[in-house]
Amino acid sequence: MFDIAWSTIKNRKGGFVAAFIAVICGSAVITACGVLFVSGLLSGVAPERYAGATVMVGGRQTKDVKENFDPYYAERVTVPASVAEQISRVDGVEKVVRDHSVEMSLQKDDGSARGEPVPLEHPLYGHGWSSAALGPFELAEGNEPGGAGETVLDAGLARAAGVEVGDTVRLSVGTTPQDYKVAGLVDAPANGLDRQSAAFFSDARAAGLSQRPDRLTAIGVLGEDGTDAGELAGRIEAAVTGTDVVTYTGDAIGDLEFLDVGRSRGFLVMLSASFGGTALGVVVFVVSSTLGLAIHQRRRELAMLRAVAATPRQVHKLIGSEVLLVAGAGAVLGAAPGFLVAGLLRDAFADVGVLPADFELSFNPLPAVAAVLLSVLGALLAGFIAARRIAKIKPVEALSESQVEKGELGRTRKAVALGLLGLGLVTSIVLPLLIPGQLAIAGAGGSLLLLMVGSALISPVLVQTTTRLLTPLLMRSKVSGYLAAANSTANARRLSSAVVPLALGTAMALMQLSMLNTVEVTAKEQAATGVVSDYVVTSGTTGLSTDLAEKVRAVDGVGTVTPVARSQVLITYVEIDKPVSNPFSAQGLEPRDLDRTLDLDVREGSLDELRGDTVALSRIAADTARLDVGDTADVDLGDGTRKELKVVALYGKGLGFGDVTLPHGMLTEHTANQQDTALLVTGEDDGGDGGGADGKVESGLADLADGTPGLVVQSPEEFGAVEQGEFTQQSSTSLIANALLILYVLIAVVNTLVMATTGRSREFGMLRLIGTSKQQTRRMMFLESWVVILTAVVVGIALAIPPAVGAALGTTGQPIPYVEPLAWGGIVVFVALLGWLSISLPTRSALRGRPIDAVYAAE
């Protein structure tokens, strides 16, 4: 059977090229998703400052969620200082190093109180001198830091700042500066410092700079000579009691040193898992459509086989063999480019800031193997479905159907189509009304495939309906229009194979654009209208020291100051009988006079009660976790501290300001730097602008900024624009992932349309032999192309609207999504142009030869 299949492929290359290309591209997409998934499990970044340690000990940075993904905490989970004593008693431990790390900024002493900021390529962290042994760092010049006013800088940092031993530098924690004498310089460890700069202080001074002297950033362990790192790590974990710590060895130490690496790995696992499932569905759908068209074009040949006594089993075996050969070769060839696609995705994610630029992918062969297997299995399933009808009918009926398409769709097919369309509408629109929140938003986005499969099953009916509506216009061209109308009606199944991928591409692009625009526009509007203060004080460095709020309150004319802290928390709840812990952006606020600085659009409860163990939730977060005012929320703060918090308010502007609002002190206490992101300042005048009108507040804040490193005074409008950074990242991430799928669908569109057109060369030859001119044939195809294009565009728009409405209901509570007319119009024009070129160019090519040659060549 394989010999016959191979002979068929060689002699009918055109019919298999399209399927071959579809499988190649599909295999590349699946491989790319697999590479990202495996990289999320295995990849990372090599340690730098901890590279010389035998074992590193840190807090557990993930929450253990049974039967689900383990999410990462947003802040560093610190370790009690008492753990170091327990570790020191473990066999094989030579030295225990207690590490305090604090993020800082550097200013050169230019004689002013503010100092001249030194732009640095990497973040700067301050540490105790004893932790230099973990690099190890070697003293190159000068001496180790002695008193509280001395520091030792790494040589690269000193060069960037233009300072030498004996100079004075200003180092700030938040907006609190301190002058230090440069006592010495150290050379970087063997691995270099490619992701950070380092400043060392005496151990006592480092502990004082830390916001939590009783807790350590990490604990380094130097083992005795000959000690195996893995065995020592096991003994340490067994010896440490009373706290949840994790040991790291080798390159895995990089996960502890650089928290963004661990979070990036978690991001890749979740993204590739969710995106990979969607991609697999789209690939199988497109390959099925392409193979269906290829087999449909061979129905005359297959009917002849049935007429000469080929059994249904033999027809299935033949088509299965052909599909196996084509799909197997295409899947193998597509796997290699998939690694390149994964690298391009990594670079795109790094450009928008959701992955570190130096995050290395893990090029494991398993994703390629999985992609080949999934692509081949999907193609075999598609081939079986496509061959099923023609293989089971009687030989005489097969011959008659090979000449004229069966006009009526089967009852089962219609019933399944209507069922899928109904389920898609329920998932996209009804679900957000009944079960709002993130689950409804995800359901609305995923409903597109249900709607697409349902519409694909009845696509011949849609083509016939469009043809009937356009017939009066088509008939204006008597010969070409008559032929176009007759062909479109009689060959609706063939044309529907071209309509389906074009409609899918249109729907995906429009839905994605609408969902992103709805979230972005709503978030910007909420941020713009939510800040009602006169001024916003922010920092151009690491943050605002928490004592700065009192200094601002002391400025003449200031009436209200609301400090705002930012972080991310996890809320644990039950979803479909399984516990899940989802991350939500969080802010910490003081409720005092909050209405004069911030309007969160409170719907239920009151923010005046935001004290102690309480929390306020956005409508989206509350609906997602099924919580209401008075309920208790299971919340893990940024550093992993678990809290049972009473819900005291629900508010509407979660997209603009975060889904979770906590008491200010609670949030800042559990962040790494314990600093504020902004201060919202309003003058004494209740009208909201009196304090700024007489200039007292403005001049006072300007004076304060002149004497404070990194301090920036903004208008509420400027601050609102900056607040959109997180949403821009999320939108860009979603756009990048879906752009890959849309590109694949567009390739499939061109592929299918070209195959459908070139497969009609015999028909074109017959038309010319009975007297139809080239011009009339081209015009016929031009008119047919508009039947395809208009059907696809209308179906695509109709499919995009329900998910867009559902997503708008889930995110904004309103059923009207944001539509950018120019963008939608541009997509429609692009799709129409793509469809027209994909039909007109192959038509011209097919008409170049002699008609008689085309007739016999096709036979």
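If you read the sequence from its start, that first residue is 1, and numbering goes on from there.
- Between W129 and V152 the shortest side-chain heavy-atom distance falls below 4.5 Å.
- Residues satisfying the salt bridge (Lys or Arg N to Asp or Glu O under 4.0 Å) criterion with R642, sequence neighbours excluded, are D634, E644.
- For the residue pair A218 and L256, the shortest heavy atom distance occurs at CB-CD2, 4.0 Å.
- The pair R566-D676 fails the salt-bridge criterion, with no side-chain N (NZ, NE, NH1 or NH2) lying under 4.0 Å from an Asp/Glu carboxylate O.
- Considering only heavy atoms from C-beta on, V660 comes within 4.5 Å of V615 through its side chain.
- Taking the salt bridge (Lys or Arg N to Asp or Glu O under 4.0 Å) definition, one finds that K63 meets it with D636, sequence neighbours left out.
- Within the structure, side chain to side chain donor-acceptor pair (under 3.5 Å) contacts touching residues 223-238 (residues at least two apart or in different chains) are E237-T247.
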Next on the checklist: Applying side chain to side chain contact (heavy atoms under 4.5 Å, CB included) to L704 and L548, what does each step give before you reach the verdict?
Outcome noted: CA-CA 10 Å; L704 184 62; L548 185 66; 4.2 Å; yes
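- Heavy atoms of other residues, nucleotides or ligands lying less than 6.0 angstrom from CZ of R592 number 12 at most.
- Between F267 and F349, the distance separating the two ring centers is shorter than 6.0 angstrom.
- You'll find the side chain of N582 stays beyond 4.5 Å of the side chain of I571, heavy atoms only.
- Closest approach of S105 and G174 over heavy atoms only: OG-O, 4.5 Å.
- Scanning for side-chain contact (heavy atoms from CB on, under 4.5 Å) contacts around T597 gives S533, T560, T562, L594, L680, T682, with sequence neighbours left out.
- Side-chain contact between T572 and V635 is absent, with no heavy-atom pair separated by less than 4.5 Å.
- Counting only residues at least two apart or in different chains, salt bridge (charged side-chain N to carboxylate O under 4.0 Å, His left out) contacts with residues 70-86 comprise E85-R89.
- The CD atom of Q714 sits 13.5 Å away from atom OH of Y535, with the distance rounded to the nearest 0.5 Å.
- Across every non-hydrogen atom of G184 and V165, the tightest pair is CA-CG2, 4.0 Å.
- A donor-acceptor contact under 3.5 angstrom links the side chains of T641 and D639, judged on distance only.
- In terms of the salt bridge (Lys or Arg N to Asp or Glu O under 4.0 Å) criterion, residue partners of E550 (sequence neighbours excluded) are, by chain and number, R553.
- Counting heavy atoms from C-beta on, the side chains of F657 and Q587 come closer than 4.5 Å.
- Residues forming a side-chain contact (heavy atoms from CB on, under 4.5 Å) with A616 (at least two apart in sequence, or on another chain): L607, L610, A649, Y651, T661.
- A side-chain donor-acceptor contact under 3.5 Å links E48 and Q196.
- Rounded to the nearest 0.5 angstrom, S567 OG and L667 CG are separated by 5.0 Å.
- Remark: L106 CG to L124 CG distance equals 6.5 Å, nearest 0.5 Å.
- In the model, S545 has a side-chain atom that pairs as donor or acceptor with a side-chain atom of T176 under 3.5 Å.
- Residue pairs meeting the ring-ring contact (aromatic ring centres under 6.0 Å, His included) criterion with at least one member in residues 149-192, sequence neighbours excluded: Y180-F201.
- Q61 is not listed as a side-chain neighbour of V246, based on a closest heavy-atom distance of 4.5 Å or more.
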Item to check | CA sep, side-chain torsions, deciding dist, call: Q86, T241, side chain to side chain contact (heavy atoms under 4.5 Å, CB included) | outcome: CA-CA 8 Å; Q86 299 180 44; T241 58; 3.6 Å; yes
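- Nearest heavy-atom pair, T217 versus Y50, reported as atom, atom and distance to 0.1 Å: CG2-OH, 4.3 Å.
- Applying the side chain to side chain donor-acceptor pair (under 3.5 Å) criterion to S130, with sequence neighbours excluded, gives D203.
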Next on the checklist: With side chain to side chain contact (heavy atoms under 4.5 Å, CB included) as the criterion, how do V57 and I87 come out once you've worked through the C-alpha distance, each side chain's angles and the decisive distance to 0.1 Å?
Outcome noted: CA-CA 9 Å; V57 180; I87 295 175; 3.8 Å; yes
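- Partner of R49 under the side-chain hydrogen bond (donor to acceptor under 3.5 Å, both in side chains) criterion, out of N191, D99, D154: D99 alone.
- By the 4.5 Å heavy-atom criterion applied to side chains, T249 and T54 are not counted as neighbours.
- Residues satisfying the side-chain contact (heavy atoms from CB on, under 4.5 Å) test with D167, not counting sequence neighbours, are V163, E164.
- Side-chain contact annotation: H122 with S197, donor-acceptor N/O pair under 3.5 Å absent.
- Residue pairs meeting the salt bridge (charged side-chain N to carboxylate O under 4.0 Å, His left out) criterion with at least one member in residues 185-199, sequence neighbours excluded: R195-D260, R195-D358.
- For the salt bridge (Lys or Arg N to Asp or Glu O under 4.0 Å) test, no residue two or more places apart in sequence or in another chain qualifies with R98.
- In this structure, OH in Y72 is found 9.5 Å from OG in S264, a value given to the nearest 0.5 Å.
- Considering CD of Q178 and CG of L209, their distance stands at 8.5 Å, rounded to 0.5 Å.
- Annotation: the span from K551 atom NZ to L711 atom CG amounts to 9.5 Å, rounded to 0.5 Å.
- Looking at heavy atoms from C-beta onward, V38 lies out of side-chain contact with L361 at the 4.5 angstrom threshold.
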Next on the checklist: Could you go through V169 and T151, starting from their C-alpha distance and side-chain angles, then the distance that decides it, and tell me whether this counts as side chain to side chain contact (heavy atoms under 4.5 Å, CB included)?
Outcome noted: CA-CA 9 Å; V169 295; T151 184; 4.2 Å; yes
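- Donor-acceptor pairing under 3.5 Å is recorded for the side chains of Q107 and S172.
- Nearest approach of P716 to V531, heavy atoms of both residues: CB-CG1, 3.6 Å.
- Ring pair F200/H127 is tilted by interplanar angle, where 30° to 60° counts as tilted.
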